[in-house]
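Just so it is clear: chains get the letters A, B, ... in the order the sequence lines come, proteins before strands, and each one is counted from 1.
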Amino acid sequence: MIRIEGLAKRYGDVEVLRDVTAEIRKGEVIAIIGPSGAGKSTLLRCLNLLEQPTQGAIWIDGVNLLDRRADVPSIRQKMNMVFQSFNLFAHLSALDNLTLAPRKLRRVPRAEAEAKAMDLLRLVGLAEKADSFPDELSGGQQQRIAIARCLAMEPEVILFDEPTSALDPTTVSEVLPVIRRLAREGMTMAIVTHEMAFARDVASRVFYMDEGGIYEEGPPEQIFEHPTRERTRTFIHRIRRFACRIGSPDFDLYAMNAEIEAFCEKHILPRKTRDDLLLVVEETLQLYRPALQTAPLDLAIGYSERNQDLELVWEHAGPPADPRAGEHPSEDFGWSILRGLTEDLAYERVGDRNRLSMRMARR
Amino acid sequence: MLESPAAGVPLRIGVSATREPFSFVDRDGRISGHDGELARRLGMRLGRPVEFLNMKFMALIPALQSGKIDAIVTGMTATEERRRLVAFSRPYYRNAQVMLVRRSAAPARGKLSSVADLQRRRVGVLMGSAHETWVLRNLPQAEMLQYKTVADVTLAVKQRKVDAALHDADPLRALMREDASLGRLGDALFAFDCGAGFASSADDLREQFNAFLAEIRQNGVYDDMRARWMEGRGEASPRVDLPADRGVLVAGVSDVGLPFVAVQEGRLTGFDVELAERFAARLGRELRLANMDFGSLVAAVASGKADLIVSSIYITPEREEQIDFSAPYYAMETHVAALKTELAATAADQPAAPSAPPLAQRVADSFHANLIKENRYRLILDGLQTTVAIALCSVAIGTLLGAAVCFLRMSGAAVLNVPARMYIAVLRGTPVLVVLMLVFYVAFASVDIPPPLAAIIAFALNFGAYAAEIFRTGIEGVDRGQTEAGLAMGFTRAATFLHIVLPQMVQRILPVYKGEFISLVKMTSIVGYIAVQDLTKASDIIRSRTFDACFPLAMVAIMYFAISWVLIRLLDFCELRLDPKSRRRRGARR
């Protein structure tokens with residue numbers, strides 16, 4: 001139904017989208033998730049040309065939207081949009097907001113348009129607000145009117161651009177059930193959202209967007225339970241990262257420790273965890289001290305807010321070298337500390353780099 | 001120079017050296033004057049050096065009594081009181097006491113007995129007239145006040161805003177017939193010939209006029225006109241009806257008053273008007289009279305806005321540098337007019353002012369004179385019509401123009417928005433009066449444009465600049481999200497603007513727009529500058545005939561207020577209709 005090919009969008013020198021290719025089939029509910037600035041809203045707004053793509057093609061029912069001859073307004077009638085800021089017409093009552101487009105664009109007689117509009121208002125639970133003006137309604141009510149306004153044009157697709165981001169947590173639950181109901185009734189939808197539970201629940205497919213494109217896509221179980229790619233995992237598990245490079249044996253250990261402490265403080269880790277982490281870092285560095293003569297060592301610390309895992313990954317270039325080779329836990333005090341404080345200590349060779357990973361043990 | 005003896009016991013003379021010519025301090029710091037010399041001569045005679053002690057007059061007698069000085073020689077009058085305290089010599093000078101008054105103040109309150117008395121007085125003149133030039137040259141110390149119409153000059157005399165004013169002899173005679181309070185001061189100041197003025201390039205027309213003059217002088221028409229206008233009371237001129245199919249002849253006139261040009265029964269009439277009518281008829285052209293300020297006449301004919309000007313214009317050398325004149329057709333003197341009560345010659349035989357009639361009677365008289373007499377209300381109604389027409393047309397065109405400029409201004413392309421920005425900046429930064437003059441005298445200099453049309457163009461240009469900015473703020477006030485929502489629904493850009501942005505914009509801008517509208521209505525009061533007879537000009541004309549400032553001005557003020565009020569109510573009504581919430585309230589009541 002909608003096919004996107006090689007879509008790119010730049011604002012001056014900033015490349016927001018590069019080479020996006022995707023397809024949305026009839027009846028699908030696509031949840032578009034990802035960190036801020038990943039281009040989720042831009043992608044959605046390109047679909048109905050509220051943003052003009054720099055290059056690429058958008059095929060809708062076999063018509064390329066970017067073709068000069070394409071009748072964009074009539075394509076848009078089939079593909080309405082719900083905005084983060086509702087964007088109701090301020091000079092019209094709720095009812096007139098619903099009837100304006102059918103009457104002006106479809107030439108539906110007023111009485112007929114109003115009857116249909118009342119049905120839709122009933123559907124979203126706001127029939128008694130038909131005569132109210134937007135500034136007399138709460139955010140949740142406005143957004144439900146906006147959804148009803150979309151439905152009034154009987155679109156084939158609805159694009160939702162962060163429909164609940166401007167709402168407070170209690171009103172979010174007025175709006176999501178309405179969207180859920182549309183999904184159940186088989187409406188084709190693309191929803192940009194930060195509500196992960198909702199996305200997982202309502203979507204038939206999830207686009208995880210990052211690095212200016214669709215970084216990973218798949219059914220919600222895959223994306224939310226077993227993300228295959230690292231950035232997806234980072235996002236899904238809400239992993240916070242800290243990275244630093246140790247350039248020589250004479251690096252400033254105290255400065256690095258201070259940064260790690262600041263990281264722990266920022267994510268409110270317990271004092272005990274912090275002390276353990278610093279100890280593990282110090283002991284591991286002892287293992288690497290000989291290797292530091294030849295190549296710099298990269299340390300990455302990842303903390304998942306979702307399951308509170310704290311992971312450390314050490315990497316350096318050079319010939320294969322497993323630091324565990326010289327392990328004699330019984331004799332070596334350093335190794336006994338490491339083994340005691342960490343779990344899943346693993347070595348792997350990635351390309352020409354050696355990687356040692358470990359997870360702080362939970363106690 | 002008297003040499004006093006250098007040695008010996010000094011003779012101490014008390015003086016109060018502030019009283020010329022008796023005793024004063026001269027340039028060199030010495031005590032001088034009649035008494036100074038007297039004292040020195042006394043010293044010489046006694047063979048003693050003179051020492052002056054200059055003190056305050058009232059300290060002299062105590063100083064003499066205490067022996068600080070030997071004598072007082074300073075023009076002291078020997079009064080009885082002083083004789084009791086000190087001994088006086090025999091009197092040496094008999095002095096008279098006079099009262100001194102400030103020189104400038106004294107004649108200012110006196111009656112006027114000759115033109116020379118006008119120095120240091122306030123003298124009214126018509127702006128751009130030969131009178132003005134004469135006062136500048138001959139009464140340099142007089143305070144000259146320039147007025148734009150003869151009516152204003154006359155009114156200034158009557159209301160004592162000036163002490164006297166310069167007037168042409170014949171209009172003054174006509175005035176004095178109407179108004180007994182005015183009198184003439186002295187003899188004629190000077191005389192000039194009057195002629196019709198033509199642009200330097202219009203030699204043909206000037207020749208035709210001269211031929212026409214010669215002809216009417218010969219066939220008696222001229223004498224008849226003179227007899228009717230100048231000697232008898234101004235009879236209505238015979239209507240001159242001849243085929244007028246050879247185009248239009250625009251004659252510039254200024255209603256300086258009978259017998260030359262005045263508005264009677266709602267139309268221009270007078271010797272000059274008849275002359276112009278007869279000339280136009282002779283040419284077979286339709287006459288169009290443009291009634292303007294006297295000071296604008298020369299500029300009007302020089303710039304081609306008028307084909308000729310006939311308005312008792314003196315053929316002065318200054319004017320001949322700018323325009324050409326026909327052969328003279330009338331010789332006229334200039335007199336000084338003043339209130340009879342101010343004139344030395346007539347003040348005495350003025351009867352005591354009759355007690356003022358009751359207020360109601362005065363109002364009724366004023367009403368009659370200003371509105372009923374000569375159907376003057378028609379002038380007001382015509383003026384009202386003109387004012388309303390100019391205002392409404394200007395607003396309508398200006399609004400469309402503003403919309404177009406706003407569209408360009410909001411365009412992203414510099415080619416479009418830079419000219420629009422410049423247009424707005426220039427028009428908003430220029431007084432509308434200047435724009436009006438530029439449109440009439442410069443932009444359409446060579447085009448025969450009816451003055452009301454020029455006024456509409458000028459005001460529309462001005463209004464357009466303001467409207468453009470009002471529209472822009474209105475449009476920018478509608479948040480962009482609604483436009484996006486409209487587009488996303490499938491409305492085209494134009495339809496989105498029409499159905500979503502426009503209704504909200506109109507609702508937003510109406511209060512400001514209303515204010516601009518009203519201020520434009522009031523601004524149109526300056527169109528008299530280019531000879532449009534609007535409401536303000538109508539009151540000027542009435543004033544020029546009745547010399548009553550209060551009634552016509554008050555009436556016009558009320559008229560403007562009425563127009564504004566009606567327009568405000570109308571726009572208020574629109575505003576209410578456009579407010580969606582009030583619409584709902586009305587709906588609920590139904």
Colleague: If you count the non-hydrogen atoms of other residues, nucleotides and ligands that lie under 6.0 Å from CD in A:Glu185, is the total more than 12?
Modeller: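 Enclosed: over 12 neighbouring heavy atoms sit under 6.0 Å from CD of A:Glu185.
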Colleague: Tell me if the CD atom of A:Glu23 is crowded by more than 12 foreign heavy atoms within 6.0 Å.
Modeller: yes
Colleague: Chain B heavy atoms under 4.5 Å from A:Phe89: which part of the residue, side chain, backbone, both or neither?
Modeller: both
Colleague: Should the heavy atoms of other residues, nucleotides or ligands under 6.0 Å from CZ of B:Phe573 be counted, would the total exceed 12?
Modeller: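 At most 12 heavy atoms, drawn from other residues, nucleotides or ligands, come within 6.0 Å of this atom.
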Colleague: Which region of A:Leu49, side chain (C-beta onward) or backbone (N, CA, C, O), has a non-hydrogen atom less than 4.5 Å from a non-hydrogen atom of chain B, or is it both or neither?
Modeller: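 It is neither, since no heavy atom gets under 4.5 Å.
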Colleague: Under a 4.5 Å heavy-atom cutoff, which of A:Gln77, A:Arg149, A:Lys104 has the most pairs with chain B?
Modeller: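 The option with the most such pairs is A:Lys104.
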Colleague: Counting only heavy atoms closer than 4.5 Å, note whether A:Leu100 contacts chain B via side chain, backbone, both or neither.
Modeller: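 Both the backbone and the side chain of A:Leu100 come within 4.5 Å of chain B.
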Colleague: If you measure from OG on A:Ser85 to CD on B:Gln482, what distance do you get to the nearest 0.5 Å?
Modeller: 9.5 Å
Colleague: Select all residues of residues 395-429 of chain B having any heavy atom within less than 4.5 Å of some heavy atom of chain A, and report them by number, or 'none'.
Modeller: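 Expected list: none.
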Colleague: Mind checking which of residues 486-501 of chain B sit less than 4.5 Å from chain A, heavy atom to heavy atom?
Modeller: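 Counting heavy atoms that sit under 4.5 Å from chain A, the residues of residues 486-501 of chain B involved are B:Gly486, B:Leu487, B:Ala488, B:Met489, B:Gly490, B:Phe491, B:Thr492, B:His499, B:Ile500.
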Colleague: Please identify, among A:Val72, A:Leu50, A:Leu105, A:Val82, the residue contributing the most non-hydrogen atom pairs under 4.5 Å to chain B.
Modeller: A:Leu105
Colleague: Below 4.5 Å from any heavy atom of chain B, which atoms of A:Asn48 appear? Answer side chain, backbone, both or neither.
Modeller: side chain
Colleague: Crowded around B:Arg378 CZ? As in, over 12 foreign heavy atoms under 6.0 Å?
Modeller: no
Colleague: Which heavy atom of B:Gln504 sits nearest a heavy atom of A:Ala90, and at what distance?
Modeller: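 Nearest pair, atom of B:Gln504 first, then A:Ala90: OE1-CB, 3.5 Å.
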Colleague: With only heavy atoms counted, which part of A:Asp135 is less than 4.5 Å from chain B, the side chain, the backbone, both or neither?
Modeller: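 Just the side chain, heavy atoms under 4.5 Å.
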